[in-house]
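Structure, as structure tokens:
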Amino acid sequence: MAIPMGFTGILAIIASIGAQRSAFWGLEDWIALGGLWAMTLAYAVALTVLSKRRSRFLRRSPAGQWWRAGLWTAVMILSQAGTIWLISWYL
């Protein structure tokens, strides 16, 4: 969860600096920037929630742990694919 949050956060910071310096910043750029910041915030909230639920996760069976870890991995891969799509579509 922390790796995609860092990736999206760095992209949001770079885009924010670009927005500040660009004379040709349009609506699509603002949509992409807002999406990057929203995803960064969502990752931070999810990371906080997962950190608080860590002890519950460790009490599960190994099969249950693998299943949940696989599910979160799939969610992160899809969200990063969405980030790449957002960048390629709007920018």
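In what follows, residues are counted from 1 in the order of the sequence shown.
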Pairwise side-chain contact, [X] with [Y], heavy-atom cut-off 4.5 Å (strictly under):
X: W72; Y: L50; answer: yes
X: T40; Y: F7; answer: no
X: M76; Y: S79; answer: yes

Determine whether [X] and [Y] fall in the same hydrophobic cluster, where Ile, Leu, Val, Met, Phe, Trp and Tyr are linked whenever their side-chain heavy atoms lie under 4.5 Å apart.
X: W37; Y: I10; value: no
X: I13; Y: L41; value: no
X: L47; Y: M39; value: yes
X: I17; Y: W30; value: yes
X: W85; Y: I77; value: no

Fill in: Whichever hydrophobic residues join W67 through chains of side-chain contacts under 4.5 Å
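Listed partners: L71.
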
Item to complete: Identify the two heavy atoms, one from F57 and one from Q65, that lie closest to each other, and give their separation to 0.1 Å.
Response: O-NE2, 3.2 Å

Worksheet item: Looking only at heavy atoms, what is the nearest atom pair of L33 and A12, with distance?
Response: CD1-O, 3.6 Å

Worksheet item: Mind checking what makes ring-ring contact (aromatic ring centres under 6.0 Å, His included) contact with W66, not counting sequence neighbours?
Response: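 W66 satisfies ring-ring contact (aromatic ring centres under 6.0 Å, His included) with no residue once adjacent residues are dropped.
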
